[in-house]
2 protein chains.
Amino acid sequence: MVQNEKITINDIARRTGLSKGTVDRVLHNRGEVSRKSYARVMEAIQELGYEPNIFASLLAKGKKHLIAILLPAHESGTFWDLAVSGIALTTDSVTSAGLETKLFEYDQYDIDSFRSAGAAVLEAEPSGVVLAPMFQEATTALTEQFQERGIPYCFIDSRPDTNGYLAYFGMPLHKSGYLCADQLTRGQDVSSVLIIRVRRDRYQQSDPTVNRRSGFLDYMLEHAPECKIDNVFIDPNDPAGIDQVLESFFAGHPDVHHIVMFNSRIHLVVPFLRSHPDPERRVVGFDNLKANMEALRDGTVSVLICQRPEEQVRLAIEALAEHAILGKLPARKDHFMHMDILTRFNVEDY
Amino acid sequence: MVQNEKITINDIARRTGLSKGTVDRVLHNRGEVSRKSYARVMEAIQELGYEPNIFASLLAKGKKHLIAILLPAHESGTFWDLAVSGIALTTDSVTSAGLETKLFEYDQYDIDSFRSAGAAVLEAEPSGVVLAPMFQEATTALTEQFQERGIPYCFIDSRPDTNGYLAYFGMPLHKSGYLCADQLTRGQDVSSVLIIRVRRDRYQQSDPTVNRRSGFLDYMLEHAPECKIDNVFIDPNDPAGIDQVLESFFAGHPDVHHIVMFNSRIHLVVPFLRSHPDPERRVVGFDNLKANMEALRDGTVSVLICQRPEEQVRLAIEALAEHAILGKLPARKDHFMHMDILTRFNVEDY
DNA sequence: AGAGCTTCCGTGTCCGTGCACGATTTTTTC
DNA sequence: GAAAAAATCGTGCACGGACACGGAAGCTCT
């Protein structure tokens, strides 16, 4: 594999009897080359197996590629906080490969803030964009702009039904619900399960928990059809209300020991669970938020199912970088991340 | 964060009134610089916040760094096969950053083949080496050579008690045994467990399973002290013998439903288990070998605990690359990988 | 004081590619 | 068929750094 003799653009020039300027024009499809010369150059490139020297190229053009990352504001301890931390994973290995990343944030409950953040992205003229589709139509409107300008973009977390994206990195949602059900009930005779849900803001269009819930219910139908499934709704911004809701539910259902929540906010109900211990209880939630992992350590939560959002971001950035610098397309479009099972016994080195 | 004006070596030269040649000598500690000039240059570098342009550097010196990877031969379907596949993960993002990887293989049961592979590595004059310590003294002898020549090296999988390595990437072994026990027995009243072991070749010095077993036993002592633990030994090269050993064991112990194996070869006993079904059985093994994952899919194995050997290799190579190219030391020396829990429900996208 | 040595430093070339500019050839136009 | 326009091509510098080479200055020694 040791490529001793590096073929350069000059070798091609000499071989074809043309100049490196012409070869360069061919390489970049910049026109102003006769059909005949073009063919000769292409032939020589094939024969000699020419590969451009990226360093020389990057050095000469001096241009830094900008990868824009468009995500909901990463308030500390939220899911998006995890995603943002994935940006740092690339700065060493790839920023050093001539590109720069810039984070654009918006309020995930305010569609206007999304629109203006999108406008800011366009203004920055990035070579690629990583984004999570929160507002469906607004996202489509934005990606259409990307298409027009030839800006490639990758989705993470979830994915709309459009088709122009370069790649997608996310969790198989339906399967994650299935896995979740197995972790919650396997090996036990479960007669009743409680699903805790969050009332969605009407602006929030894209909701991954829908698919998870359906995977969960499919599993239960197959493995424990007689199991009763209750739902309660909580408001994330009203801690007292959460306690109240749960209090009244368990007053009426003291026999329910299995609890599940399909978004990343299981930590919201942890205070209640801590103050109402139940040795038979089993709780499954999603995503490795700090607060969730804390609850895993002390045993309040039994299992967390995690999707490595940092990896999703890292891989998306790398895919865009390879596209921008080397012009490569990813092998596949859709990349489903592994679903990690976290328990108190393997939470430490995560 | 947009570094508009890139500071170059020429800026430093102009600022200090010296020439770029001198600045270069300072940057590389190549001597032939007066104390005074040295100080002035260092000061200017600080003030202006100079950072070398890696592309220009790589281009100018033209030298490709070689990262040697020294591992047991990766016969298809073995643990080392997984590790080797991690090499490919770096070729896109990092080979494009000016380095080349080369795999050196040896027979893990033949210490002489290890020695000669080590000699081959030295001869190749690599900028860094990734290796797994199989033979203790021979490994130490080799790493001492690395030290003498200033070649940095990283351990993966396990780690000797020496101290000269750049970084280590591996699984927390004791914890993995602990986790294993929990996955095997949690939520059930287990009265008896079978550990299947492989007789070690006498040359094989480094044995990660020892620590795993001790973690396992610690868990059992804490959580199920009255549980009986049996051991049987099998010979990997004698399939008929394996069947025989298990046959006779289960003839005498029909009440044992929980089986564990601390190395990657649970697949060796899968044929027997398949032909002797037991609905109450629970089996836990290690590592995502193809055959193991197959057994997970069909339910013969309940859980696999995996350590992402590809990631270990990738991270080790990246650490060495950063050291070779940028001169950076990794933030920590010891990196414990997460222990992944695989069940039939999350094996697909692994 | 001049030869011989160190020590220190500047100049210049090269790495491989991008691109602007101008030169040359071919084609079009009248 | 000459002038004008278009198509095609070559030259040369720039990017930022590595390193060889040779020159200047200071020192020691006879």
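Throughout, protein chains are lettered first and strands after them, A, B, ... in sequence-line order, and every chain is numbered starting at 1.
- If you take CG of A:Asn10 and P of D:dG12, they are 14 Å apart, rounded to a whole angstrom.
- Following rounding to the nearest Å, B:Leu58 (CG) and D:dC19 (P) show an atom-to-atom distance of 12 Å.
- Residue B:Glu51 qualifies as open at atom CD: its count of foreign heavy atoms under 6.0 Å is 12 or below.
- The residue A:Tyr38 sits apart from the nucleic acid: no heavy atom pair falls under 4.0 Å.
- Out of C:dG10, D:dG17, D:dA18, the shortest distance to the side chain of B:Asn53 is found at D:dG17.
- Between the NZ atom of A:Lys6 and the C1' atom of C:dT17 there is a distance of 13 Å, given to the nearest Å.
- To the nearest 0.5 angstrom, B:Lys20 atom NZ is 12.5 Å from B:Asp11 atom CG.
- For the helix from C:dA1-D:dT30 to C:dC30-D:dG1, the angle separating the two terminal helix axes comes to 50°, with each axis derived from five pairs and the value rounded to 10°.
- Atom CZ in A:Arg14 sits roughly 19 Å away from atom P in D:dC9 (whole-Å rounding).
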Review item, nucleotides 25-28 of chain D N/O atoms under 3.5 Å of protein N/O:
none

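- Here the side chain of B:Ser19 is nearest to one of D:dG16, C:dT11, C:dT17, namely C:dT11.
- From A:Gln312, atom CD reaches atom CE of A:Met337 across 5.5 Å, with rounding to the nearest 0.5 Å.
- What separates NZ of A:Lys61 from P of C:dG16 is a distance of 18 Å, to the nearest Å.
- Distance CD1 (B:Ile54) to C1' (D:dA18): 16 Å, rounded to an integer number of Å.
- Closest-nucleotide positions on DNA chain C for B:Ser37 and B:Ala56 were compared, and the one nearer the 5' end corresponds to B:Ser37.
- Using the six-membered ring where Trp is involved, B:His335 and B:Phe169 have ring planes that are parallel, under 30° apart on the 30 and 60° scheme.
- Separation of atoms CD1 (A:Ile45) and CD1 (A:Ile7) is listed at 11.5 Å; rounding is to 0.5 Å.
- In A:Arg30, the CZ atom is crowded: over 12 heavy atoms of neighbouring residues, nucleotides or ligands sit closer than 6.0 Å.
- Rounded to whole angstrom, the span from the NZ atom of A:Lys20 across to the C1' atom of D:dG10 amounts to 10 Å.
- A tilted orientation is assigned to the rings of A:Phe146 and A:Tyr153, their planes being inclined by 30° to 60°.
- Atom CG in B:Leu99 sits 10.0 Å away from atom CD in B:Glu318 (nearest 0.5 Å).
- Counting heavy atoms of neighbouring residues, nucleotides and ligands inside a 6.0 Å radius, atom CZ of A:Arg149 exceeds 12 of them.
- Using a cut-off of 4.0 Å between Lys/Arg side-chain N and Asp/Glu carboxylate O, A:Arg40 and A:Glu43 are scored as not salt-bridged.
- Between the CG atom in A:Leu315 and the CG atom in A:Leu320 there is a gap of 11.0 Å [rounded to 0.5 Å].
- Taking the six-membered ring for Trp and thresholds of 30 and 60 degrees, B:Phe155 and B:Tyr165 have ring planes more than 60 degrees apart, a perpendicular arrangement.
- B:Ile7 places its CD1 atom 16 Å from the C1' atom of D:dC15, with the value rounded to the nearest Å.
- Toward the 5′ end of DNA chain D lies the nearest nucleotide of A:Gly21, the other residue of the pair B:Leu59 and A:Gly21 mapping further downstream.
- Of the residues in residues 24-35 of chain A, those with a non-hydrogen atom less than 4.0 angstrom from any atom of DNA chain D are A:Arg25, A:Glu32, A:Val33, A:Ser34.
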